[in-house]
Amino acid sequence: MSLNTNHIEEKWKKYWMENQTYKVQNDPSKPKFYVLDMFPYPSGAGLHVGHPLGYIASDIYARFKRMLGFNVLHPMGFDSFGLPAEQYAIQTGIHPAISTNENIGRYKDQLYNLGLNFDWSRQVSTSDPSYYKWTQWIFMELFSHYYDTRSDKALPISNLIEQFEQNGNEAVHAVTTFDQVFTAQEWQNFSPKVKDEVLMNYRLAYRKLGYVNWCEELGTVLANDEVKDGVSERGGYPVVKKPMRQWSLRITAYAERLLKDLDQLEWSESLISMQKNWIGRSEGAQVFFEIESFSEPLEIFTTRPDTIFGVTFMVLSPEHEFVDRITTVGHMQEILRYKEYAAGRSDLERTSEKKVTGAFTGAFAINPFNGQRIPVWISEYVLKDYGTGAIMAVPSDDERDKLFAETFNLPVIPVIDKSKYPGATSKDKTGTMINSGFITGMEVKEGIEAVLSELENKKIGSRKVNYKLRDANFSRQRYWGEPFPVMYDQDDVAHLLDMSALPLELPPMSDFKPVANGKSPLARNEDWVKAIAGYTRETDTMPGFAGSSWYFLRYMDPLNEQEFASAEAIKYWKDVDLYIGGTEHAVGHLMYARFWHKFLFDKGLVPGNEPFLKLVNQGMIQGVIEFIYLMKEKKEGRNHFVSTDLIESTDLDKIAKIPVHIDYISNYGSHDSHLNAQGIRQFIAWRNEYKEAFFETKSGVFTIDQVPENFKLHTHSEVGKMSKRYFNVVNPDDVINKYGADCFRMYEMFLGPIEQSKPWDIKGIDGVKKFLRRFWSLFVDDENNWLLTEEAATVEELKILHQTIKKIHEDIYNLSFNTAVSAFMVFVNEMKRLDCHKAAVLLPAIKLIAPFAPFISEELWTRTGSKVSVHHELIPMYNEGLLVVDSVIYPVCINGKKRGEIELGAELNSKEIEGHALSLDIVSKWTEGKSIKKVIVVPNKMINIVV
RNA sequence: GCCAAAGUGGCGGAAUUGGUAGACGCGCUGGACUCAAAAUCCAGUGAUAGCAAUAUCGUGAGGGUUCGAUUCCCUCCUUUGGUACCA
C-alpha cells in the first residue's frame with residue numbers, strides 16, 4: 001500500500017491527544033530542558049505558512065532532547081490581548097473575548113495539524129484573568145519597589161520611606177528623577193499627596209506626564225506603529241503629541257545590567273548589537289554652567305569634556321524648563337514664536353528636513369574654565385529626553401553645532417589639531433589639544449581625563465554615564481488589555497488594590513469606541529470606575545508587552561492559584577534553554593522580559609538573572625505579491641489595466657499597482673506570472689467595481705466580455721510580507737492536506753537555514769514527498785507487506801547508518817535542519833541502492849527520523865509491534881568505532897589545483913603518503929621539466945605538490 | 001549616515017577549524033516501463049572549447065596574505081533587517 005498520509009495523521013493526532021503523549025510532569029529525577037517559541041497573537045487571519053518555520057524547528061529540537069532522555073518543557077500559549085480584536089469589536093460589536101477565543105481555537109487546530117508536540121495542558125493566554133491576575137501582581141510589586149544603587153538591586157519602597165522618615169533623602173542611594181533635597185522633618189510634614197508625588201520619582205512603576213499620539217479626526221490615541229510618517233495609518237490624519245498622566249516603568253534603572261549581562265547570552269551578534277544600540281550607553285561628563293543673573297546653574301551632558309575651551313554657545317531644547325525663566329525681555333517674543341513652531345512640528349518633519357533653526361534667549365552662560373560669556377540658544381535639534389536636554393556646543397568639532405554656528409554666524413574656536421590623524425572624525429576621539437588653556441598640547445584622551453578631574457576638583461561637574469534607553473510608557477487608552485490594579489482617592493493619590501481583589505477583571509462592555517477626551521473605553525463604565533466609594537479606578541490598561549514579559553515562567557506551573565508559579569517549579573525549570581522567535585521582537589519584548597526577570601531575580605523569585613540563555617531568530621517566510629497595473633488616467637472614462645510587459649520603467653508614475661489574489665494567477669511568482677482568460681474573469685468576479693474596465697495586452701485592448709482564450713495580462717511580482725491585505729496568504733492546512741504534515745515539516749526545514757528569510761515557494765516540495773515515499777517503501781511494499789528482515793547488516797550498511805546518526809545529532813545541535821533533511825535523503829538513496837530491508841539498519845532510522853516526521857515514524861514504529869510511542873523511545877547513538885575509515889581517497893593537487901586522486905591506507909604517515917603520491921603518472925605529467933619545491937601533506941585531507 | 005547580516009549553477013541551497021567548490025533537492029535533457037498518460041526507475045546536467053581524454057574559466061567587483069581562499073585582511077558595489085539630529 002502506498003503511503004496514505006491523511007489517514008495516518010488523523011489516527012495519530014487522535015491517539016496523541018487521548019493518551020496525552022506530550023504531557024510533561026515537573027519531574028526532578030530527570031534533567032530538564034526548556035524549549036520555547038515566542039507565542040503568537042491570535043489574529044483573525046489564522047496561521048500562514050511562514051509562522052510554523054520556527055515552531056517546526058523548536059518541535060524537532062524538543063523531540064530530539066526528549067529522546068535523549070531529558071524532561072522537556074515545550075509549551076505554547078497566546079499573546080491574546082491586542083488592538084486588532086478591539087478594532088474588530090468596534091466594527092462588529094463582537095466582544096474581544098469572544099473573537100479572541102475563536103481565533104485561539106483556530107490557531108490550536110492549525111498547530112495541531114502540524115504535529116507539534118506541545119503540552120496543551122500548560123497553555124497560557126495573557127487575556128485569561130487567571131493569568132493576568134499575576135501580571136497585575138508583578139505590576140504592584142514594581143510599584144512597591146525602588147532601585148537601590150548601593151546594593152544594585154530593587155528594594156521595597158517601605159525601606160525608602162523609613163529612610164525618609166529618619167534622615168530625609170540626602171543620603172539615599174536610589175535611581176530617581178527627583179532632584180530636590182528634603183529633611184526627615186520636612187518629609188513628615190508633607191501631605192499624603194506630596195509624599196505620593198515624591199515617591200513616584202522612585203518607584204519602578206510610576207505615574208508621570210507623558211505624551212501620546214493623539215489623532216483628533218479619529219478621536220483616539222494611536223500606537224506608534226499606527227502612525228506612519230507623522231499621520232495616522234488609517235485615514236492619513238494628522239497626529240499630534242498630547243500630554244497625559246500615564247504609568248511608566250523605570251527600565252532605565254536596569255540599563256547597566258541589561259547591557260552588561262548581554263555578554264552571558266548565546267544570542268546572535270546582530271541581536272546583541274541591536275540591544276546595545278537601543279540601550280545606547282555613552283560615557284561623558286555632567287557639567288554645570290553658571291548663567292548670568294540667574295541663580296541656578298545649567299546642567300549639560302557631554303562625551304567630550306576636552307573640548308570645553310571650544311564652546312561658543314549653548315543650546316537648550318525648546319521644552320527645557322529654563323527657557324522661559326532665562327529668556328530676556330527683548331527676546332521673549334522670538335523665543336515664544338520658536339517654541340510654538342517647534343511644538344507644531346511632527347517627528348517626520350524634524351528628522352527629514354535638515355535645515356537648521358533656532359532662537360537666541362538673550363541669556364549668557366559663563367565658561368567655568370576661562371570665564372568666556374557664551375550665548376544661550378534654543379533649537380529643536382537638542383532633544384528634551386536625552387541627557388539633560390541641554391548641550392554645550394563646540395562648532396569646531398561637531399557637525400551639527402558647526403551647521404548651527406554657520407547659520408547664525410556664531411564664532412568657531414578650533415581646539416583639536418587632527419593633522420597627525422588624517423581621515424579621523426570627531427567621533428574617533430583623537431588629536432592634540434590646541435587653544436585649550438591648561439590642557440593645550442595634551443592628546444584628546446589625556447585632555448578628557450584632565451578636564452574631568454578638574455571638574456570634580458572645582459565641584460562643577462562629574463563623570464557621568466548616559467543611556468539612550470527611556471522609561472517605557474506603560475499605559476494604553478484601550479479596553480482590551482490588563483486593567484491596572486490601581487485606584488485614586490480625591491487627591492489623585494494612587495492606591496494599590498488589595499491582593500484579594502485580584503484579578504481585577506475587565507468589566508463586560510458592549511461599546512468599545514474610545515471616549516472623546518482620549519480616555520480608554522473603560523471610562524464609560526461609571527459603575528466600574530466608581531465601584532469603591534471615595535475612589536476612582538484607573539481606566540487605562542496595560543500594553544502588549546506586559547503579559548509577554550513573564551509568560552515563560554507561568555508555563556512552569558500554569559494552574560497555580562496561590563503564586564505566579566511555585567518556587568519548586570521555578571527551581572526545577574529555571575530558565576529557557578532555547579528560545580526561537582522572530583527578529584521583530586528584538587528590542588521590545590526581549591528587553592522588557594529581561595527587565596522583569598531581573599526584577600524578579602532581585603526579589604529572589606527566580607534563580608537566574610537572564611530568562612533566555614540561547615535565542616535563535618528564525619527568518620521570515622515572505623510571500624510573493626502579484627500586482628496588475630492600472631493606469632491613473634482613465635480611458636474613455638473607464639478604468640484601464642495594462643499588461644506589465646507594455647509598461648516602460650519610465651512610465652511607472654502613471655500607473656497604480658493593484659494587488660491581485662494569487663489564486664487567480666498563472667505561473668505565480670515567476671517572470672511569466674499573468675492572468676489568463678479564466679484568471680481575469682475570476683478577478684472581475686472578485687473585484688466587481690472593475691467590470692467595465694479595459695484590459696490592454698500585446699494582442700489588443702479588450703473588455704471582460706471580449707477576452708480571447710489566449711489572453712495574457714502580465715502581472716508584476718514582488719517579494720513582500722505574507723498578509724491578508726496583499727491576498728497572498730498560503731494556509732499550511734491546504735499544503736498539509738495535499739502533501740501531509742510530515743512532508744510540510746520537512747520541506748520547510750529543507751528550504752534553507754532557519755535564520756534566513758525567503759519567499760514561500762511550493763516548487764521543490766515534490767522532492768521531499770518523493771523522499772518520504774521512498775523511505776516508507778523501505779518498510780512496506782505496494783501490497784502493504786512488511787519488508788523488514790532479520791538478516792545481519794553488512795559493515796557498509798552499518799557505516800552508512802552510523803554516519804547518518806552522527807550527522808543528524810550534529811545538525812540538530814547546530815539547528816542546521818536543512819542539511820539534516822539532506823542527510824536523510826542520502827541515507828534513503830544508499831539503502832535503495834543496496835536494496836537493504838534489514839531491521840538492524842532500518843529500525844534505528846525510524847527513531848532517528850521521528851523528531852522530523854512524527855506521524856510516519858509513529859505509524860512504522862507501531863507496525864514493528866512496539867506498544868510504546870516512538871516519541872518516548874531513546875534516539876540511537878552513533879558508534880565511533882564503526883565510522884573509522886581504513887583508506888582515504890586523497891586529492892592530489894599541483895599548485896593547489898586538483899589533478900588526480902590516490903587511495904591510500906589511513907594509517908600511513910606523511911612521508912609514506914608523499915612517496916606514493918610522487919610515483920603517480922599524473923604527477924610526473926605535471927611536474928615534467930619543472931622542479932618540485934615542496935610537498936604538503938595533510939593526513940586524511942589532501943596532498944599538494946608545489947612546483 | 002551609522003550598526004548588523006548576507007551575496008555560490010536556471011532555482012532553493014551544501015562545503016564544521018583555510019584543504020577535492022556546487023552535497024541534497026527542484027528544474028531541464030535522454031532512456032526504460034506503458035496503447036497512452038501519471039507514477040516509478042536508470043543516466044546526464046556550472047560555463048566555454050573539444051568526438052573524446054582533457055584544458056581553461058568559475059563562489060558580487062578589485063586588490064592582498066598563503067603551497068592552497070567561498071572561508072582570513074583591505075577597498076568598493078548590491079540586497080535585507082535595525083536605527084536615526086543621542087550631545
Side-chain angles (χ1 to χ4, degrees), chain A residues 2 268-278 280-282 284 300-304 307 315 317 347 350-354 356 379-383 385-394 397-401 403-404 426-427 466-470 583-584 586-587 617 619-620 622 670 719 747 750-753 755-759 761-768 770-771 773-774 777 782 807 810-811 813-814 816 818-829 832 889-901 933-938 940-947:
Chain A
S2 64
S268 71
E269 272 306 312
S270 68
L271 191 53
I272 287 182
S273 81
M274 265 187 236
Q275 292 236 328
K276 281 186 178 165
N277 287 342
W278 195 258
R281 182 185 200 272
S282 57
I300 60 101
F301 174 74
T302 177
T303 54
R304 296 297 302 273
T307 62
V315 188
S317 82
D347 287 349
R350 283 196 181 201
T351 50
S352 64
E353 296 170 28
K354 289 290 174 196
V356 180
S379 174
E380 63 181 4
Y381 85 86
V382 174
L383 307 177
D385 292 329
Y386 185 75
T388 62
I391 61 160
M392 60 177 216
V394 184
D397 215 53
D398 183 286
E399 278 306 311
R400 296 151 314 165
D401 295 349
L403 271 176
F404 194 87
S426 52
K427 286 210 158 63
N466 229 309
Y467 301 93
K468 267 200 285 195
L469 185 71
R470 307 290 151 77
T583 355
E584 63 271 28
V587 279
N617 284 127
M620 240 195 326
Q622 299 141 316
S670 74
V719 171
Y747 181 59
F750 189 58
L751 280 174
E755 309 89 344
Q756 236 164 66
S757 290
K758 51 228 145 195
D761 188 353
I762 196 72
K763 112 183 159 229
I765 197 169
D766 280 327
V768 177
K770 222 189 286 183
F771 152 74
R773 268 206 301 252
R774 279 158 64 83
S777 73
D782 288 350
K807 177 88 177 128
E810 287 170 354
D811 284 347
Y813 178 77
N814 294 323
S816 176
N818 54 332
T819 53
V821 176
S822 296
F824 281 120
M825 288 173 169
V826 172
F827 175 80
V828 168
N829 289 347
K832 279 283 181 186
I889 297 171
Y890 283 94
V892 180
C893 305
I894 315 292
N895 286 343
K897 196 92 195 152
K898 185 191 163 194
R899 296 300 176 187
E901 280 178 355
K933 281 194 192 142
K934 201 173 172 185
V935 178
I936 292 147
V937 175
V938 184
N940 293 315
K941 275 271 158 68
M942 50 84 67
I943 301 159
N944 190 20
I945 298 162
V946 188
V947 296

Peer 1: Are A:V935 and A:I945 packed together at the side-chain level, in the sense that at least one heavy-atom pair is separated by less than 4.5 angstrom?
Peer 2: yes

Peer 1: Applying side chain to side chain contact (heavy atoms under 4.5 Å, CB included), can you list everything that pairs with A:S268, at least two apart in sequence or on another chain?
Peer 2: A:S270, A:L271, A:N617

Peer 1: Within the 4.0 Å limit for protein heavy atoms, which parts of nucleotides 36-46 of chain B are touched? Write it as a string from 5' to 3', B for base, S for sugar-phosphate only, - for none.
Peer 2: ---SSS-----

Peer 1: Only Watson-Crick and G-U wobble pairs, only distances under 3.5 Å, only runs of 3 or more: what stems does that leave for RNA chain B?
Peer 2: B:1-7 with B:77-83, B:10-12 with B:24-26, B:27-32 with B:40-45, B:46-49 with B:54-57, B:60-64 with B:72-76

Peer 1: Report the C-alpha distance between A:S282 and A:F301 in whole Å, list the side-chain angles of each, state the deciding distance to 0.1 Å, and finish with yes or no for side-chain contact (heavy atoms from CB on, under 4.5 Å).
Peer 2: CA-CA 10 Å; A:S282 57; A:F301 174 74; 3.9 Å; yes

Peer 1: Rounding to an integer number of Å, can you tell me how far A:M274 CE sits from B:A4 P?
Peer 2: 11 Å

Peer 1: Could you pull out the closest heavy-atom pair between A:Y890 and A:V938, with the gap in Å?
Peer 2: CE2-O, 3.8 Å

Peer 1: What interatomic distance, in whole Å, is found between P of B:U59 and the corresponding atom of B:A21?
Peer 2: 12 Å

Peer 1: Hey, does A:N829 reach any base, or is it just sugar-phosphate, or nothing, if we go heavy atoms under 4.0 Å?
Peer 2: sugar-phosphate

Peer 1: Mapping A:P891 and A:V821 onto RNA chain B by nearest heavy atom, which one lands closer to the 5' end?
Peer 2: A:P891

Peer 1: Answer yes or no: is there a donor N or O on one side and an acceptor on the other, between the side chain of A:D401 and the main chain of A:V394, under 3.5 Å?
Peer 2: yes

Peer 1: For nucleotides B:U70 and B:G81, find the distance between their P atoms and express it as a whole number of Å.
Peer 2: 30 Å

Peer 1: So, the side chain of A:K758 versus the backbone of A:P753: is there a donor-acceptor pair under 3.5 Å, distance only?
Peer 2: yes

Peer 1: Looking at CD1 of A:I300 and CD1 of A:I391, how far apart are the two atoms once the value is rounded to the nearest 0.5 Å?
Peer 2: 8.5 Å

Peer 1: Take atom C1' in B:A23 and the same atom in B:U78, then report the distance between them in whole Å.
Peer 2: 28 Å

Peer 1: Mind checking what makes salt bridge (charged side-chain N to carboxylate O under 4.0 Å, His left out) contact with A:R281, not counting sequence neighbours?
Peer 2: A:E256, A:E283

Peer 1: Where the side chain of A:S270 is concerned, which of B:A87, B:U16, B:A4 is the nearest nucleotide?
Peer 2: B:A4

Peer 1: B:C24 and B:U45: how far apart are their P atoms, nearest whole angstrom?
Peer 2: 12 Å

Peer 1: Please identify each residue that fulfils ring-ring contact (aromatic ring centres under 6.0 Å, His included) with A:F404, with sequence neighbours left out.
Peer 2: A:F313, A:W377, A:Y381, A:F408

Peer 1: Please tabulate the protein-to-nucleotide N/O contacts below 3.5 Å involving nucleotides 54-57 of chain B, giving atom names and distances.
Peer 2:
unit_1, atom_1, unit_2, atom_2, d
B:U56, OP2, A:R899, NH1, 3.1

Peer 1: Restricting both atoms to N or O, compile the protein contacts to nucleotides 11-14 of chain B shorter than 3.5 Å, with distance only.
Peer 2:
unit_1, atom_1, unit_2, atom_2, d
B:G12, O2', A:L751, O, 2.6
B:G13, OP1, A:Q756, OE1, 3.2
B:G13, O5', A:L751, O, 3.4
B:G13, O3', A:N818, ND2, 3.3
B:A14, OP1, A:N818, ND2, 2.9

Peer 1: Distance from A:T583 atom OG1 to A:M620 atom CE, nearest 0.5 Å?
Peer 2: 7.0 Å

Peer 1: Under the side-chain contact (heavy atoms from CB on, under 4.5 Å) rule, what do A:Y386 and A:K468 come out as? Steps first, then yes or no, please.
Peer 2: CA-CA 7 Å; A:Y386 185 75; A:K468 267 200 285 195; 3.9 Å; yes

Peer 1: What's the gap between B:U71 and B:G18 when it is taken at their P atoms, as a whole Å value?
Peer 2: 11 Å

Peer 1: Rounded to whole Å, how long is the line connecting atom CD of A:Q622 with atom C1' of B:A6?
Peer 2: 13 Å

Peer 1: Ignoring backbone atoms, test whether A:S282 places a side-chain nitrogen or oxygen under 4.0 Å from the OP1 or OP2 oxygen of B:A87.
Peer 2: yes

Peer 1: Could you check B:G27 for me: syn (within 90° of 0) or anti?
Peer 2: anti

Peer 1: Could you check whether A:S822 and A:K807, counting side-chain N and O atoms only, form a donor-acceptor pair closer than 3.5 Å?
Peer 2: no

Peer 1: Looking at A:N277, does any N or O in its side chain come under 4.0 Å of the phosphate oxygens OP1/OP2 on B:A84?
Peer 2: no

Peer 1: Using the C1' atom as the point on both nucleotides, what is the distance between B:A15 and B:G22, in whole Å?
Peer 2: 9 Å

Peer 1: Can you tell me how far C1' of B:A4 sits from CD of A:E269, to the nearest Å?
Peer 2: 9 Å

Peer 1: Taking C-beta and beyond as the side chain, do A:D385 and A:R470 meet within less than 4.5 Å on heavy atoms?
Peer 2: yes

Peer 1: I'd like a list of close polar pairs between nucleotides 64-72 of chain B and the protein, N/O only, cut-off under 3.5 Å.
Peer 2:
unit_1, atom_1, unit_2, atom_2, d
B:C67, O2, A:N944, ND2, 2.3

Peer 1: Rounded to the nearest Å, what distance is computed from the CG atom of residue A:L383 to the P atom of nucleotide B:U83?
Peer 2: 16 Å

Peer 1: Report the residues that fulfil side chain to side chain contact (heavy atoms under 4.5 Å, CB included) with A:N277, sequence neighbours left out, ordered by chain and then residue number.
Peer 2: none

Peer 1: For A:K276 and B:C2, give me the distance from atom NZ to atom C1', rounded to whole Å.
Peer 2: 16 Å

Peer 1: Does B:C86 have its OP1 or OP2 closer than 4.0 Å to a side-chain nitrogen or oxygen of A:R400?
Peer 2: yes

Peer 1: Report the distance from atom CG of A:D398 to atom C1' of B:C86, rounded to the nearest whole Å.
Peer 2: 11 Å

Peer 1: Output the rounded distance in Å from CD (A:E584) to C1' (B:A5).
Peer 2: 16 Å

Peer 1: Expressed in whole Å, how much space separates the P atoms belonging to B:A5 and B:G9?
Peer 2: 22 Å

Peer 1: For a 4.5 angstrom cut-off between non-hydrogen side-chain atoms, does A:E810 reach A:T819?
Peer 2: no

Peer 1: Taking the nucleotide of RNA chain B with the closest heavy atom to each, which residue, A:A823 or A:R470, is nearer the 5' end?
Peer 2: A:A823

Peer 1: Could I get the full list of salt bridge (charged side-chain N to carboxylate O under 4.0 Å, His left out) partners for A:K763, not counting sequence neighbours?
Peer 2: A:D761

Peer 1: Which residues pass the ring-ring contact (aromatic ring centres under 6.0 Å, His included) test with A:F824, not counting sequence neighbours?
Peer 2: A:F852

Peer 1: In whole angstroms, how far is the P atom of B:C2 from the NZ atom of A:K468?
Peer 2: 14 Å

Peer 1: With sequence neighbours excluded, tell me which residues meet side chain to side chain contact (heavy atoms under 4.5 Å, CB included) with A:I765.
Peer 2: A:V735, A:Y739, A:C743, A:Y747, A:I762

Peer 1: If I pick the C1' atom on B:G25 and the same atom on B:G13, what distance separates them, to the nearest angstrom?
Peer 2: 9 Å

